[in-house]
> 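Let me begin by handing over the structure; questions about it come next.
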Amino acid sequence: MIILKNSGQLAIMRKAGRITGDALRLAQERIKPGMTTKELDTIIEKYIRSKGAKPSFLGYGGFKGSACISINEQVIHGIPSAKTVIREGDLVKVDVGAFLDGYHSDAARTFAVGKVDELSERLMKTAERAFYEGMKAAVVGNRIGDVANAVQRTVEAEGFSVVTEYTGHGVGQELHEQPSVPNYGEPGHGCRLCEGMTIAIEPMINAGTSHVMRLSDGWTVLTRDMKRSAHYENTIAITKNGPVILTAPTAED
């Protein structure tokens with residue numbers, strides 16, 4: 001069931017989203033070679049709690065971190081660890097959620113640590129652009145397939161692939177709600193977008209094959225060919241005046 005939100009609920013989600021956006025901005029400022037993913041996770045958790053919110057991911061399905069932190073060929077759901085060191089040239093994906101006053105927010109960014117190669121830079125920028133192309137299609141009356149196809153076309157035009165085994169999703173009182181928001185699809189297909197829907201559009205794109213595999217830890221997802229991956233996500237609201245990003249940081253209001 002798709003749950004529509006009223007103006008009051010959207011206002012709460014915007015507050016939660018602002019915390020998530022600011023947490024990601026802080027992560028970008030603090031990430032550096034030599035730090036562990038656990039250290040970065042602790043910075044994120046402390047910030048979220050300092051704002052009166054709770055990390056959405058901590059304990060979700062048994063997840064042990066406040067953020068998913070995934071490096072290079074890791075696509076999503078990397079578990080923060082004191083043994084995993086961030087290095088110069090890494091692509092680091094940070095996925096964060098904040099729970100405030102009964103509502104979740106969810107967003108992700110890919111950060112280049114120091115200087116990265118040209119392919120990694122293009123991969124990272126393509127994931128971001130694919131999100132915005134998908135968001136352009138997220139208007140009242142369109143369908144999920146219009147959003148999905150916009151993401152897919154943007155990614156494949158650059159010679160990259162979209163992950164098909166994991167998708168975006170609705171967000172609200174639950175971290176994952178209906179509808180599913182794939183990164184591939186046909187225009188004019190899928191559920192119709194309505195005012196009050198809140199969805200996470202999140203291109204997960206690979207430099208090589210679209211196929212992925214999951215490690216024995218039960219969480220971390222890797223590209224099968226071990227080539228790099230990038231991830232970009234925001235929670236957005238569908239409004240009569242067009243899509244609105246709920247997880248923009250404070251300075252971008």
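Only heavy atoms go into these numbers, but all of them, side chains included; no hydrogens, no water, no symmetry mates. Residue indices begin at 1 and follow the sequence shown.
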> With a cut-off of 6.0 Å (strictly less than), are more than 12 heavy atoms of other residues, nucleotides or ligands near OH of Tyr60?
yes
> Please, which pairs that meet ring-ring contact (aromatic ring centres under 6.0 Å, His included) have at least one residue in residues 112-131, sequence neighbours excluded?
Phe131-Tyr232
> With His169, which residues qualify under ring pair (Phe, Tyr, Trp, His ring centres under 6.0 Å), at least two apart?
His176
> Without swapping roles, check the side chain of Thr247 against the backbone of Thr20 for a donor-acceptor pair under 3.5 Å.
no
> Identify the residue among Ile201, Ile245, Val244 that makes a side chain to side chain contact (heavy atoms under 4.5 Å, CB included) with Asn234.
Ile245
> Would you say Lys38 and Ser81 are linked by a side-chain donor-acceptor pair, where the criterion is simply a distance under 3.5 Å?
no
> Is the side chain of Lys64 donor-acceptor paired with the backbone N or O of Gly62 at a distance under 3.5 Å, no angle test?
no
> On a heavy-atom basis, which atom in Ile144 and which in Ser180 lie closest, and how many Å separate them?
CG2-O, 3.8 Å
> Could you tell me whether a side-chain N or O of Ser70 sits under 3.5 Å from a main-chain N or O of Gly78, the two making a donor and an acceptor?
yes
> Could you see if Val171 belongs to whatever hydrophobic cluster contains Phe99? Use Ile, Leu, Val, Met, Phe, Trp, Tyr and a side-chain cutoff under 4.5 Å.
no
> Using only heavy-atom distances, determine whether the side chains of Thr235 and Ser105 contain a donor-acceptor pair under 3.5 Å.
no
> Rounded to the nearest 0.5 Å, what separation is found between the CG atom of Leu222 and the CD atom of Gln74?
6.0 Å
> Is Met197 linked to Val181 within one hydrophobic cluster, defined over Ile, Leu, Val, Met, Phe, Trp and Tyr using a side-chain heavy-atom separation of less than 4.5 Å?
yes
> Sort and list the pairs that fulfil side-chain hydrogen bond (donor to acceptor under 3.5 Å, both in side chains) and have at least one residue in residues 82-97, not counting sequence neighbours.
Asn72-Asp90
> With a 4.5 Å cut-off on side-chain heavy-atom distances among I, L, V, M, F, W and Y, is there a chain of contacts connecting Ile43 to Ile48?
yes
> I'd like to know whether Leu58 forms a side-chain contact (heavy atoms from CB on, under 4.5 Å) with Phe63, so could you lay out the CA-CA distance, the side-chain angles of the two residues, the decisive distance to 0.1 Å, and finally the verdict.
CA-CA 6 Å; Leu58 186 60; Phe63 191 73; over 6 Å; no
> Got Thr37 and Ile71 here, is their nearest side-chain heavy-atom distance under 4.5 Å?
yes
> How many angstroms lie between CG in Asp106 and CG in Leu246, if you round to the nearest 0.5 Å?
11.5 Å
> So, taking the atom named SG in Cys68 and the one named CD1 in Ile76, what distance separates them when rounded to the nearest 0.5 Å?
8.0 Å
> Applying salt bridge (Lys or Arg N to Asp or Glu O under 4.0 Å) as the test, list every pair that has at least one member in residues 137-163; sequence neighbours left out.
Arg122-Glu158, Arg129-Glu158
> Using the side-chain hydrogen bond (donor to acceptor under 3.5 Å, both in side chains) rule, collect all pairs that involve residues 206-222, keeping only residues at least two apart or in two chains.
Asn206-Ser229, Asp217-Thr220
> Under a 4.0 Å threshold between the charged nitrogen and the carboxylate oxygen, would Glu133 count as salt-bridged to Lys136?
yes
> Following the transitive rule for hydrophobic clusters with a side-chain heavy-atom cut-off under 4.5 Å over Ile, Leu, Val, Met, Phe, Trp and Tyr, establish whether Val212 and Met204 coincide in one cluster.
yes
> Can you name the nearest heavy-atom pair linking Ala67 to Val96, along with the distance?
CB-CG2, 4.0 Å
> Under a 4.5 Å side-chain heavy-atom rule over Ile, Leu, Val, Met, Phe, Trp and Tyr, are Val162 and Tyr166 clustered together?
no
> Can you pull the salt bridge (Lys or Arg N to Asp or Glu O under 4.0 Å) pairs that have at least one residue in residues 188-205, sequence neighbours excluded?
none
> Are Phe160 and Leu119 close enough, and set up right, to give a side-chain contact (heavy atoms from CB on, under 4.5 Å), and what steps lead you there?
CA-CA 10 Å; Phe160 301 134; Leu119 180 67; 3.6 Å; yes
> Contact between Leu26 and Arg30 at the side-chain level, heavy atoms closer than 4.5 Å - yes or no?
yes
> Would the distance check show the side chain of Asn149 and the main-chain N or O of Glu186 forming a donor-acceptor pair, the cut-off being under 3.5 Å?
no
> Determine whether Asn142 and Val147 make a side-chain contact, defined as any pair of heavy atoms from C-beta on separated by less than 4.5 Å.
no
> Taking the side chain as every heavy atom from C-beta outward, state whether Ile205 and Leu123 have any pair of such atoms under 4.5 Å apart.
yes
> How many angstroms lie between OG in Ser120 and NZ in Lys125, if you round to the nearest 0.5 Å?
12.0 Å
> Using side chain to side chain contact (heavy atoms under 4.5 Å, CB included) as the criterion, list what pairs up with Gln178, not counting sequence neighbours.
Ile2
> Compare all side-chain heavy atoms of Val151 with those of Asn183 and state whether any distance is below 4.5 angstrom.
yes
> Starting at CG of Leu215, measure out to NE2 of His77 and round the result to the nearest 0.5 Å.
12.5 Å
> Sequence neighbours left out, what passes salt bridge (charged side-chain N to carboxylate O under 4.0 Å, His left out) with Lys15? Give chain and number order.
none
> For the atom pair CD1 (Ile44) and CD1 (Ile31), what is the distance rounded to the nearest 0.5 Å?
8.5 Å
> With sequence neighbours left out, write down each residue that passes salt bridge (charged side-chain N to carboxylate O under 4.0 Å, His left out) with Lys51, or none if nothing qualifies.
none
> For the side chain of Glu177 and the backbone of Gln173, is there at least one donor-acceptor N/O pair under 3.5 Å apart?
yes
> Among residues two or more places apart or on two chains, list those pairs meeting salt bridge (Lys or Arg N to Asp or Glu O under 4.0 Å) that have a residue in residues 219-243.
none
> Less than 4.5 Å apart, side chain to side chain, heavy atoms only: is that true for Ile69 and Val92?
yes
> If the condition is side chain to side chain donor-acceptor pair (under 3.5 Å), which residues does Glu45 pass it with, not counting sequence neighbours?
Arg49, Ser66
> Is any side-chain heavy atom of Leu91 closer than 4.5 Å to a side-chain heavy atom of Met124?
yes
> Which residues satisfy the side chain to side chain donor-acceptor pair (under 3.5 Å) test with His104, sequence neighbours excluded?
Ser56
> Would you check if Met13 and Lys5 make a side-chain contact, meaning some heavy-atom pair closer than 4.5 Å?
yes
